[in-house]
Amino acid sequence: MIKYVSKMLPALLVAGVAVGTLAFADGHGPGMKGKTRPMTTEQLMEAIVKPHMTALKKGLIDSKPATKKDWKHLSLSAALLNESSHIMMADDRCPDKIWEDACIKDLRAGTAAALKGIKEKNIEATLAGFKKAGASCKACHSEHKPKD
Ligand code: HEC
């Protein structure tokens, strides 16, 4: 029996990958939407993740935070990105460890570090957190964003 299963394993793996690829191709595979909530991953990316990542880049790299209002805006964007990492892990949206690590170790930890930097008005610490959060995009997309 064990011998049989180990012989079948490669075939099962190939079948699993094929089904996974098909599911991704039509945009409804794991990760593209949660199980019960209507918002798609694409909508989350377009409405929250991308605009707030861009806002952080504008406020930290293209210019430097100077006023109380500048820091407040950075805080808002970092907080929403942090929250997005929770949305992306909820409702059975997370398909695997790559997704989980990108969400928790990069996006969530990075934005938490940025928020700490923002609280202390420490530009270097905020930048370091921002960069860590930014690493999540590539880490997850290289595996999970369909190539069109
Ligand atoms: C845990 C996984 C994950 C992380 C982290 C992630 N994304 Fe995505 N992103 C996706 C997936 C999956 C799609 C494809 C959604 C689809 O096409 O249905 C996507 C699509 C996108 C899109 C295209 C949306 C569209 O209109 O088609 C943008 C822009 C984007 N992500 C920006 C970002 C940025 C910026 C970051 C980093 C701050 C990021 N994403 C982090 C999973 C992730």
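Just follow the structure's listing: the first ligand is 1, and inside any ligand the first atom is 1.
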Does G134 come within less than 4.0 Å of ligand 1, judged by its heavy atoms?
-> no
Do T111 and N82 have side-chain N/O donor and acceptor atoms under 3.5 Å apart?
-> yes
Report the part of S85 in contact with ligand 1, treating N, CA, C, O as backbone and CB onward as side chain, heavy atoms under 4.0 Å; options are side chain, backbone, both, neither.
-> neither
Just by modelled atom types, is the R37 backbone N or O under 3.5 Å from a matching donor or acceptor in the D91 side chain?
-> yes
Has ligand 1 got any nitrogen or oxygen that is less than 3.5 angstrom from a nitrogen or oxygen of S136?
-> no
Charged N-O contact under 4.0 Å between K116 and E120 = yes
Just going by heavy-atom distances, which of K50, M32, H52, K145 is nearest to atom 22 (C) of ligand 1?
-> K145
Do any of the N/O/S atoms of T41, backbone or side chain, fall under 2.8 Å from atom 8 (Fe) of ligand 1?
-> no
Provide the number and element of each atom of ligand 1 under 4.0 Å from a heavy atom of C140.
-> 1 (C), 2 (C), 3 (C), 4 (C), 5 (C), 42 (C), 43 (C)
Are the side chain of K121 and the backbone of G117 linked by a donor-acceptor contact shorter than 3.5 Å?
-> no
Heavy-atom donor-acceptor pair, S75 side chain to W71 backbone, under 3.5 Å | no
Answer yes when D101 and K105 have at least one side-chain N-carboxylate O distance shorter than 4.0 Å, and no when they do not.
-> yes
K64, NZ: over 12 other non-hydrogen atoms inside 6.0 angstrom | yes
Per-atom contacts of ligand 1 with H144, taking only distances under 4.0 Å to non-hydrogen atoms = 12 (C)
Closest to atom 33 (C) of ligand 1 among E143, M53, E100, H141 (heavy-atom distance) | H141
Contact check: C137 to atom 8 (Fe) of ligand 1, N/O/S below 2.8 Å | no
Under 4.0 Å from one or more heavy atoms of C103, ligand 1 contributes atoms 1 (C)
